[in-house]
Amino acid sequence: MSPLDRKLLRDLWRIKGQAAAIGAVIAVGVLLLVMMTGLVTSLDETRRAYYERYRLADIFAPVTRAPERLIADLAEIPGVASAEGRVTGAALIDLDGLDLPLRAQTISLPDFGDPRLNDIYLTDGRRIDSDRTNEILLLQSFARAHGLEPGAMLSATLNGARRTFRIVGLAQSPEFLYTTATGELVPGDSRFGVSWVRRAALAAACDVEAAFYEALLTIGRNADEAAVLDRVDRLLDRYGGTGAYGRADHTSDRFVSEEIAGLHATSKSVPPIFLAVAAFLLYIVIGRMVQSEREQIGLVKAFGYSNLEVGAHYFKLVIVIAAGGGIAGCLLGVAAGRGMITLYTAYFKFPFLLFQVDPGSFVTGFLVSVLAASAGGLMVLHRVFRLTPADAMRPPAPADYSRTGSIGHSIMVFLDQPSRMVLRRLTRQPGRMAGAVIGIAAGMALSVAMISILAGFDRTIALTFGVIDRSNATVTFTQAVSAKTIFELRRIPGVIEVEPVRVVPAILRNGLHTYRTAINGLVATPRLNRAVDSEVRTIEMRSDGIILARGLADLLHIEPGDSLTVEVREGRQPVLRIPVTGIAESLLGSPAYMEMTALNRVLREPYRVSGAFLRVDSTSADAIYRSLKEMPTVAGVSLKNDTRVAFQKMMDNGAGAMRYVMLAIAAIITFGIVYNAARIAYAERARDLASLRVIGFTKAEVAFVLLGELALVTLVALPLGSVLGYHLTFIVAEGYSSDLYQIPVVFTPESYGLAALAVIGAAIVSGWLVKWTMDQADLVSALKTRE
Amino acid sequence: MIPPGFADNDGMKPQILPVAAFTTTGLTKVYGEGRAAVHALRGVDLQIPAGEIVVLLGPSGSGKSTLLNIIGGLDRATAGTACFQDMNLSTMTDAQLTRYRRDHVGFVFQFYNLMPSLTARENVELVTEIARDPMDADEALALVGLRERTHHFPAQLSGGEQQRVAIARAIAKRPTVLFCDEPTGALDSTTGRMVLQVLKDVNETLGSTVLIVTHAAATAQMADRVIYFADGAIREVVRNTTKLTPADIEW
């Protein structure tokens, strides 16, 4: 080992604290990169493999009822590779001990053999025997949530008729990675089930022979999906086709895609921040080292070492730190990815989900960290090159503060000398100080944004379940029923208020922008489930227009006053041009609202309701739900509290858990920067501070000179961090929001206070650590060294 | 009981004798342990009278700087005692040592140790702000002949000027003792003489005891007393019968 390399090792040992802190910042950046790209790859790959292995359809085409022979016609459409029809229906599952029946979707399996499309993955038990009409398979997560095992009997109501089935197996399905009841957005394993029965059983229950309710299609690799969708729609139009849609519009797939896209965006935006910070810190630390070792540099140059050899020595130090951080980041990234993937497996109901490291991310992570660090290192190297041996071995002139002398003379007269020292150092190297300020502010901004987002999630929940929806329960009818049903509901003892609603599926179009959703027909002055404006005031429903949630309006690029094309996908399926009359604030889903009577008028179905919102007396709630269970028109009841709990759970698991990870990381980076700023400030002034001690300054007085600087930098960083955090919150909120739910930017002073406290806490701890080092310092040796 | 500093002179009127500024007994300093132990001081017994210019001479590593650091309150002895007047430095806490340096001691170093971020005047004020009975900063600078350059930063001063600012900073508190560790080590002979002259002036005008550690033997010619160091012990103490002014020193 060459003497220079030995020096390298000892230097590393000497600055181990700082090297570790910088390495940690690099490691966190690489960790995030490796973990997130790994998650993206894993989710993407697993999804692809799962879809492929279980032959998930590319196109879903629901119809009211179409003859089976049409499947052959669908298969003939150019680009279609295969087609299959199936029967689906809503079911109510009655479990002992539950007052409310559970909503479920029942899907037919071919009478013989396995489905050609949308196959299932059996996790427990066995498949249904051919032509056994009393056997049923349940979605594993739903069964588990209710403690149902193969062998148990299950009572279910299909199309109004109650039947008893034997559970023979539990299954997972690629089309139910994420399950929600029709018309709802919030998933919940226990709240909504999926079941599979032989087609004959379901056909008998629904009274359909040789007909299908939904066509599934796969298309060739080069097929034009839009064209196929168009042909399918035209073919199924006569049979009540409610609009074929591609896999990307399937709720389950869309949700997974949203998650992957979010991870992908984060993996591209967050790690670079860490690496930039690390590069800056390395630049400062190595620059400082070169400054203090100029004599040695001059010496080895005088011995005949070339600029390159000396430069390489310092460059190696940078590389060792960067590589160390990079490798640690890669390893930790794999570990963190493994941890996160188990969360995702449970969350997305994948039968298998292996964390696959994207080998590219190792290379990228490693190279990027080394490159970022090199950028910092190279800036220092030119200083090494510039130093001639003779120059280097002369003591350098004292740092020139003469240019700072004039700054704020009027202020200076009020300050004692230690304060002047603090101030002059800040004004002498404004770039450096700005770097420290920006670094700390960036860490704080990240904390502010993450805490604000947490508050935003809370606000989403509070607003959605406390303000917008003031009902206790939502009743869904099996179909659009007569308004008389509302009176029946009102008559149930304990029901305080009933508000009817008519929900119809529709496709909204504005130019090239389309969105598949449902229109909520509300009463003119809703009280229980409302559309609210930005001031949280109820928006009155007008009969001459449609009101869109802000997210939806943005998605469709439409503003109030513009006309929207609405293709209703129910009943006679009218296509309407309706003016947008208002924008509603909505945080859950992207609803569209119309006045119910007007909606019924365009459908030519007067006095029809599809559901109702209920406000009930809590003491008689159980009795009410039992009464609802007895009503044949009721397809399901969802309790607001259950939904709220499910939503909260969704936010705290899987995707939502990432918020906490990010918050922890924000704390690490903040501390890393503050600590390094303090270390560097100390290293640069150790000799001055020792001199002060020698001439009789107490430890506290000397600490003031050192920590005053840190305090000032921190104080300047706080407001800047708040401002940056404010803006970052918008960006992060945007990133977390999807058309499934929106995260509002909530200005909570607590978020800022908390983030500020974290920064101040980090500053205090760093200051204390540095002061401890300073108190241990040997006064005599500090004086002997010259700068 | 005769108070310290007063000798019984035939029972007649008391006569002022030189007060011992420093007394050390068996002062020992060992760095490291076991085989690696280095004995910097090997039981030094010494008395330094107040008001004198004392030069500590000796080769590098002879222990002279270690002695200066210990009696200057910067370092602690491994064994033995070091007293300043009637204060035992060996038993003082860190805070007491700080107090001692603050109230009594002025330091001048080879590399000046000025605060680069403060002007000449401000460097002096750094001390006058915390001293008990300081002189005016301008006065201190005038004493070292730097009245004209009070608003210059260290970077704008020559080495000799920087050293004189350091001396001004050290004397502004009217120190009881002035410690100078190689004060002319980084200076050319002309500038060095000028600095020594300043030290001599301080000794005469303020009455401060001046201790100069150096290995430039010529400096000894201006001292009242010269202490020769070798291998961590005093080899010889010589009283100068004829002191030269720094201007006359053969460099």
Side-chain angles (χ1 to χ4, degrees), chain A residues 394-407 409 412-413 415-429 681 684-702 704-706 708-709 775-787, chain B residues 65-66 68-70 72-76 94-95 97-119 121-132 137 151-159 162 165-166 169-170 172-173 175 179 181-182 185-186:
Chain A
R394 262 195 302 276
D400 191 353
Y401 280 83
S402 58
R403 296 223 176 79
T404 65
S406 59
I407 297 173
H409 182 73
M412 285 296 183
V413 293
L415 298 175
D416 62 1
Q417 304 311 327
S419 308
R420 291 184 196 196
M421 291 176 67
V422 171
L423 216 62
R424 289 227 176 96
R425 231 182 84 87
L426 294 178
T427 52
R428 176 167 181 266
Q429 291 180 306
E684 287 184 344
R685 333 193 56 188
R687 186 165 167 277
D688 285 358
L689 300 174
S691 303
L692 285 178
R693 289 274 290 126
V694 166
I695 54 181
F697 278 74
T698 62
K699 284 178 181 173
E701 285 164 338
V702 175
F704 168 80
V705 175
L706 173 66
E709 178 185 325
D775 289 347
Q776 306 301 308
D778 179 6
L779 295 183
V780 177
S781 66
L783 290 174
K784 288 288 174 195
T785 56
R786 61 178 198 196
E787 287 286 291
Chain B
S65 287
T66 307
L68 184 117
N69 289 334
I70 292 171
L74 295 177
D75 204 355
R76 288 171 186 285
D94 271 1
L97 283 178
T98 302
R99 193 79 231 171
Y100 158 65
R101 293 197 300 271
R102 190 169 181 146
D103 294 341
H104 297 284
V105 184
F107 282 101
V108 176
F109 302 100
Q110 183 177 4
F111 300 116
Y112 331 132
N113 289 66
L114 296 178
M115 300 295 133
S117 56
L118 298 179
T119 63
R121 186 165 197 272
E122 288 167 341
N123 259 291
V124 179
E125 282 171 342
L126 196 59
V127 165
T128 59
E129 273 172 7
I130 60 165
R132 275 200 288 205
H151 291 296
H152 289 69
F153 283 93
Q156 299 166 303
L157 299 170
S158 71
Q162 288 186 53
V165 174
R169 184 178 67 179
K173 66 166 79 159
F179 290 101
D181 197 347
E182 302 283 3

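All chains are named by letter (A, B, ...) in the order of the sequence lines, taking the proteins before the strands, and each is independently numbered beginning at 1.
- Heavy-atom distances place both the backbone and the side chain of B:Glu125 under 4.5 Å from chain A.
- Contact annotation: the side chain of B:Ser117 never approaches that of A:Val422 to less than 4.5 Å [non-hydrogen atoms, C-beta and beyond].
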(Q) Determine whether A:Leu692 and B:Leu126 satisfy the following criterion, side chain to side chain contact (heavy atoms under 4.5 Å, CB included), listing intermediate values before the conclusion. (A) CA-CA 9 Å; A:Leu692 285 178; B:Leu126 196 59; 3.3 Å; yes
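- Closest approach of B:Glu129 to A:Gln417, counting heavy atoms only: OE1-N, 3.1 Å.
- Across every non-hydrogen atom of A:Gly696 and B:Arg102, the tightest pair is O-CD, 3.1 Å.
- For B:Asp103, no part sits under 4.5 Å from any heavy atom of chain A, backbone or side chain.
- With a threshold of 4.5 angstrom between heavy atoms, B:Leu114 approaches chain A through N, CA, C or O but not through any side-chain atom.
- Residues A:Arg693 and B:Leu74 have side chains not in contact (no heavy-atom distance under 4.5 Å, counting atoms from C-beta outward).
- Between B:Asn113 and A:Arg687, the closest side-chain pair of non-hydrogen atoms falls below 4.5 Å.
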Q | Working for side chain to side chain contact (heavy atoms under 4.5 Å, CB included), residues B:Arg101 and A:Ile695 | A | CA-CA 6 Å; B:Arg101 293 197 300 271; A:Ile695 54 181; over 6 Å; no
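- Only the side chain of B:Arg169 has a heavy atom closer than 4.5 Å to any heavy atom of chain A.
- Interface remark: B:Ile130 contributes side-chain atoms only to the contact with chain A (heavy atom separation under 4.5 Å).
- The line from CZ of B:Phe109 to OG of A:Ser691 is 6.5 Å long, rounded to the nearest 0.5 Å.
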(Q) Please evaluate residues A:Arg424 and B:Glu122 with respect to the criterion side chain to side chain contact (heavy atoms under 4.5 Å, CB included), reporting the C-alpha separation (whole Å), side-chain torsions for both, the decisive distance (0.1 Å), and the verdict. (A) CA-CA 12 Å; A:Arg424 289 227 176 96; B:Glu122 288 167 341; 2.6 Å; yes
